[in-house]
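Reviewing the structure listed below.
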Amino acid sequence: MSFPLLTATAALPAVGAVATAAVPAARRTAAKWLALVVSLATLALAIIVLVRFDPGGARYQLTESHAWIKDFGVRYELGVDGIAVALIALTAVLIPFIVLAGWHDADPLETGSKRWRPTQGFFALILAVEAMVIISFEATDVFLFYIFFEAMLIPMYFLIGGFGDRAHAQGEEAASTQRSYAAVKFLLYNLVGGLIMLAAVIGLYVVAGNFSLAEIAHARANGSLHMATSTERWLFLGFFFAFAVKAPLWPLHTWLPNAMQEATAPVAVLITAVVDKVGTFAMLRFCLQLFPEASKWATPVILVLALISIVYGALLAVGQRDIKRLVAYASISHFGFIIMGIFAMTSQGQSGATLYMVNHGISTAALMLVAGFLISRRGSRLIADYGGVQKVAPVLAGTFLIGGLATLSLPGLAPFVSEFLVLVGTFTRYPAIGIIATFGIVLAALYTLVLYQRTMTGPVKPEVSAMPDLRARELVVVAPLIVLLIFLGVYPKPVTDIVNPAVKQTMSDVHKSDPKPSVEAAK
């Protein structure tokens, strides 16, 4: 029996979470180091997965399959395609930076403080989320995927509600109330989506007789499994609704600004750069592959919703006074681009959407983590409380600027390539949607540059005059992310080479080909 590499990649952070939680309370520093070592070891396994994956090979590789609940056709089935490999690598890269960035976020404020929580629990929960996200990317059994798709909500609930942002102007009691509200809202929105998906999962079993993604897709392809048109559409809607909540897609997005505002900056990154990617990934893996005709049927409405997300999220980001809420609404706009690329049903659009998932994760992590370092120094999330920071903390201001420029998709930084591909892929099939979506780029430039101008330039406010620049630990967190943004902006080929074969197979699933150019070449 070959080594179960995929199981090991997901199991290591799970075991690490248990071990971290078991560290004695008096040894919180040891718990931090254990969590960091486990996250780095998981990264090493993810790199091995990346190296062993052959983009020109079978669709699903490094597969594992074992009987689990025989009576109901549930199997423990794992396998990765190029899209999953890229997102596993993204997750494994970001978690060590999240751990380092949150090094002091769970330390007690003072003896006897009501806000005190065990440091061990904070880092154990982060590792638990990592384990569940990774196995969600690996699962090729629909029921197995559903279990971890829902289970990751529990540690995220405690991370938001139990370890919230300390920068709250209304005092500890009000902060606790706001954190609880944000955590409950996050949980309820995603649970409702999950319950609707559960009904669809049961319906899929009734129709197909099993939960194996590969078997169901093969049966659909060879005609041995036929779904009535209405049945397929209802099942598609059940799956898509849950993924749209997680993504988040307008109008199911309202939990995200509250969650990111009240969470610590590293947990906010965990939400939008890691957990939310499961939603858009699942649209590609499950919606398009299991329900190709329903996916095409729903495409016009989904594209309109994605377009609203792009413009609406960007407009609300322009008007925000809170730094973290601004980043949250910017992310809603970016997820609109990702979903638009997926349902444009072109190879450029879907390649761009997959690349966007990776690049958005890196750029949002860079911007939000630097914003978190800024907020921890001043003790305020309000943009108006800053000014002239670049004069007292130039390195912090410079990294904040690069993260912001990546967010607005400046050429030469990673998100530009993915956003360009999404727009090109959409325009070739839906030109009106593509044209309107470009206004999101203009608005992104507005909210990013205004944010930088109001916080970093101008006269130095007295409250920031003694603000220290980035420390060594913070530089270790930010510098690699900046390097990745520049490298993938100049040379995205390593990622596109991995994801493009999977995108072609997805296009084949929905029986779509790229539209031919409508303008004849000049003679």
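- Counting only N and O atoms by type, the side chains of T7 and E64 include a donor and acceptor under 3.5 Å apart.
- Here the side chain of S309 pairs a donor or acceptor atom with the backbone of W250 at under 3.5 angstrom.
- In this structure, the side chain of S295 engages the main chain of C287 through a donor-acceptor pair within 3.5 Å.
- In this structure a side-chain-to-backbone donor-acceptor pair under 3.5 Å is present from E232 to E293.
- A ring-centre distance under 6.0 Å is not found for H253 and F335.
- Under the 30°/60° scheme for interplanar angles, the aromatic rings of F236 and F291 are found to stand perpendicular.
- L423 approaches G434 most closely through the heavy-atom pair CD2-O, 3.9 Å.
- With no hydrogens or angles considered, no side-chain donor-acceptor pair links T299 and Y430 at under 3.5 Å.
- In this structure, CG in L355 is found 11.0 Å from CD1 in I498, a value given to the nearest 0.5 Å.
- Using a cutoff of 4.0 Å between basic side-chain nitrogens and carboxylate oxygens, R75 and D141 are not scored as salt-bridged.
- Of all heavy-atom pairs between K246 and G279, the closest is CG-N, 3.8 Å.
- Each of R179, R325, Q178 was evaluated against Q261; a single residue qualifies, R325, per the side chain to side chain donor-acceptor pair (under 3.5 Å) test.
- For the pair T364 (side chain) and G361 (backbone), a donor-acceptor distance under 3.5 Å is absent.
- In this structure, a donor-acceptor pair under 3.5 Å is absent between the side chains of T280 and Y356.
- Here the side chains of V267 and M260 are not in contact, with every heavy-atom distance at 4.5 Å or above.
- Note: F211 and Y205 have parallel aromatic rings, judged against thresholds of 30 and 60 degrees for the angle between ring planes.
- Looking at H334, its side chain does come within 3.5 Å of a backbone N or O of T407 through a donor-acceptor pair.
- A 4.5 Å side-chain heavy-atom check between I196 and V245 finds every atom pair outside the cut-off.
- With a 4.5 Å cut-off on side-chain heavy atoms, T63 and Y60 count as touching.
- For the 3.5 Å distance criterion, the side chains of T91 and E130 fail to qualify, holding no donor opposite an acceptor.
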Is there a side chain to side chain donor-acceptor pair (under 3.5 Å) between Y189 and T254 once you walk through the steps?
-> CA-CA 9 Å; Y189 266 68; T254 59; 2.6 Å; yes
Ring pair (Phe, Tyr, Trp, His ring centres under 6.0 Å) between Y157 and F186: does it pass, once the steps are laid out?
-> CA-CA 7 Å; Y157 169 81; F186 161 82; 8.0 Å; no
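- One N or O on the side chain of K277 and one on the backbone of T272 form a donor-acceptor pair closer than 3.5 Å.
- Of all the heavy atoms in A306 and M340, the pair that sits closest is CB-N, 3.8 Å.
- In this structure, the ring of F149 has its center no less than 6.0 angstrom from the ring center of F239.
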